[in-house]
Amino acid sequence: MSGALIYACAGAVLFVFGVTGLILLPHLLRKILAFNIMGSGVFLVLVGLGQRDGTPDPVPQAMVLTGIVVAVAATALALALVRRLLSLTGKIQFPEEPEGSGRCWKNK
Amino acid sequence: MRNLLNVLVIVLSAALGLVLIGVILESPSPARVRLSEEVLMQIGASGVTHPVTAVLLNFRGYDTLLEVMVLLLALLGVLAQMGKQKRENPPAGFYLTEPRMQVLLWLARVLVPLMVLVAGYLLWAGGHQPGGAFQAGAVLAAAGVLLNLSGLLPSWMEPAWNLRAGLVSGLLVFLLIAAAVMTTASPGLLLQYPPASAGMLILLVETGLTLSLGLILAGLFLFLSGDAIDEEADK
Amino acid sequence: MSSLILDLLLVIALLWSALRSLMTRDLFRAVVLFIVFGLLMALVWARLHAPDIALAEAAIGAGLTGALLLDTVGYLRKKQRESFP
């Protein structure tokens with residue numbers, strides 16, 4: 001088992017962490033963190049699988065380079081939306097959550 | 001009930017992870033399609049010698065073109081959320097009177113020229129070794145944030161004409177070169193640089209990209225970190 | 001052999017920082033752990049012979065994203081103090 005394959009498997013695990021966090025965590029900032037971790041997992045799978053025979057492959061590397069910059073742009077947009085939501089509703093979670101409004105202040 | 005649902009989600013994700021790892025370990029070794037070899041075979045026609053830059057700006061140049069558009073869209077989204085700016089940045093000389101600002105000011109004056117130099121080097125190095133427009137843009141963005149925090153670049157919050165032009169300059173240069181190449185050198189083909197002038201064209205595109213990526217990335221941070229969003233919505 | 005051990009240690013640190021960043025109660029600590037995660041990712045890219053991505057990840061993935069997240073955490077805390085003095 002080569003080093004690249006180990007990292008591809010780690011990427012799969014990171015992706016699963018991210019998906020689980022995205023579904024289970026109510027706080028929107030944590031959802032953004034989970035989304036970023038999910039993306040890092042995908043990048044690792046792309047590059048790790050691309051060079052599992054040992055030679056570096058520039059095509060997935062260029063793709064991931066593009067992906068990192070787009071992920072930052074998406075994060076910035078998501079953070080702007082979170083701030084907007086906070087100033088409009090006073091909550092940092094989706095309004096459909098049944099727990100009530102006190103929940104979002106728990107993370108002190 | 002809710003706990004049961006959480007456990008179900010965790011069990012399902014664990015199963016997904018196991019399946020993914022199984023697929024990764026089972027996947028056959030790439031015998032027929034070897035992208036890295038194809039890139040190395042064609043790299044002589046790309047105008048640069050670093051394979052990642054060749055893929056990024058020549059072989060799959062339209063990915064990068066669309067990426068710049070995505071970045072601009074994200075910046076527009078952040079700007080739209082910002083609303084009207086209430087509090088203006090203090091004038092340039094404002095911070096000079098505070099003694100503890102002297103350190104920041106000195107740091108900005110020493111570091112920013114160095115950072116611009118590093119960005120230029122990264123941009124130039126991208127042709128033959130690791131580096132390129134994205135990394136240089138990130139360094140420029142850091143320099144812009146430093147300048148803004150030390151009060152040397154005060155007019156950031158109200159995008160003036162020159163700032164707006166800088167934000168779109170990368171995309172404009174890219175589109176202009178794409179259109180010029182499409183009409184003259186290789187009719188009907190998007191971003192097919194002629195091999196003789198490819199290196200020059202890629203350097204031009206990268207210069208525009210570096211400038212506008214630096215401004216966009218710095219703008220994402222500076223527009224977001226202004227206090228504008230809540231002030232306007234609250235009152 | 002030693003490189004395999006390095007790979008395994010790096011993977012363990014990566015997974016641990018990601019998990020802790022999602023599970024920690026304190027939001028500020030979660031963001032700091034996320035920045036640590038980004039820097040570890042940069043190391044992983046260097047191990048995968050991808051220095052371009054390592055540079056971009058350290059500058060953009062860890063640096064810029066971390067700055068954006070930290071700024072938002074500070075903003076949330078400020079709003080919190082205003083709502084519940």
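Throughout, a chain's letter reflects where its sequence line sits, starting with A, and its residues are numbered from 1.
- Along residues 168-176 of chain B, no residue comes nearer than 4.5 angstrom to chain A, judged on non-hydrogen atoms.
- Of the listed residues (B/Thr53, B/Leu66, B/Ile21, B/Ile24), the one with the most heavy-atom contacts under 4.5 Å to chain A is B/Ile24.
- Across every non-hydrogen atom of A/Ala73 and B/Leu71, the tightest pair is CB-CD2, 3.4 Å.
- Taking OG1 of A/Thr66 as the reference point, atom CG of B/Leu56 lies at 5.0 Å (rounded to 0.5 Å).
- Contact of B/Val39 with chain A is made through the side chain alone, with heavy-atom distances under 4.5 Å.
- When the candidates A/Val69, A/Val70, A/Ile68, A/Ile23 are compared by the number of heavy-atom contacts under 4.5 Å with chain B, A/Val69 comes out ahead.
- Between the CG atom of B/Leu35 and the CD atom of A/Gln61 there is a distance of 12.0 Å, given to the nearest 0.5 Å.
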Using distance only, find each side-chain donor-acceptor pair of residues 6-20 of chain A under 3.5 Å and give its atom names and separation, not counting sequence neighbours.
from	atom 1	to	atom 2	distance (Å)
A/Tyr7	OH	C/Asp7	OD1	2.7
A/Thr20	OG1	A/Val16	O	2.6
A/Thr20	OG1	B/Ser13	OG	3.2

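- Scanning both residues, B/Ser36 and A/Asp57, for their nearest heavy atoms gives N-OD1, 3.6 Å.
- Atom CZ of A/Arg52 is separated from atom CG of B/Leu25 by 10.5 Å, given to the nearest 0.5 angstrom.
- Ranked by heavy-atom pairs shorter than 4.5 Å toward chain A, the options B/Val52, B/Leu20, B/Leu213, B/Thr64 are led by B/Val52.
- Within the 4.5 angstrom heavy-atom criterion, only side-chain atoms of A/Thr55, from C-beta onward, approach chain B.
- A distance-only check finds a donor-acceptor pair linking the side chain of A/Arg83 to the backbone of B/Leu224 [under 3.5 Å].
- Contact annotation: the side chain of A/Leu24 approaches that of B/Ile10 to within less than 4.5 Å [non-hydrogen atoms, C-beta and beyond].
- Among B/Val55, B/Leu40, B/Ile43, the single residue meeting the side-chain contact (heavy atoms from CB on, under 4.5 Å) criterion with A/Pro58 is B/Val55.
- Residues of residues 128-142 of chain B having a heavy atom under 4.5 Å from any heavy atom of chain A, listed by number: B/Phe134, B/Gln135.
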List the atom pairs, with distances to 0.1 Å, where a side-chain N or O of residues 35-48 of chain A and a protein N or O form a donor-acceptor pair under 3.5 Å, not counting sequence neighbours.
from	atom 1	to	atom 2	distance (Å)
A/Asn36	OD1	A/Thr75	OG1	3.4
A/Asn36	ND2	A/Ile32	O	3.3
A/Asn36	ND2	A/Thr75	OG1	3.2
A/Ser40	OG	A/Asn36	O	3.2

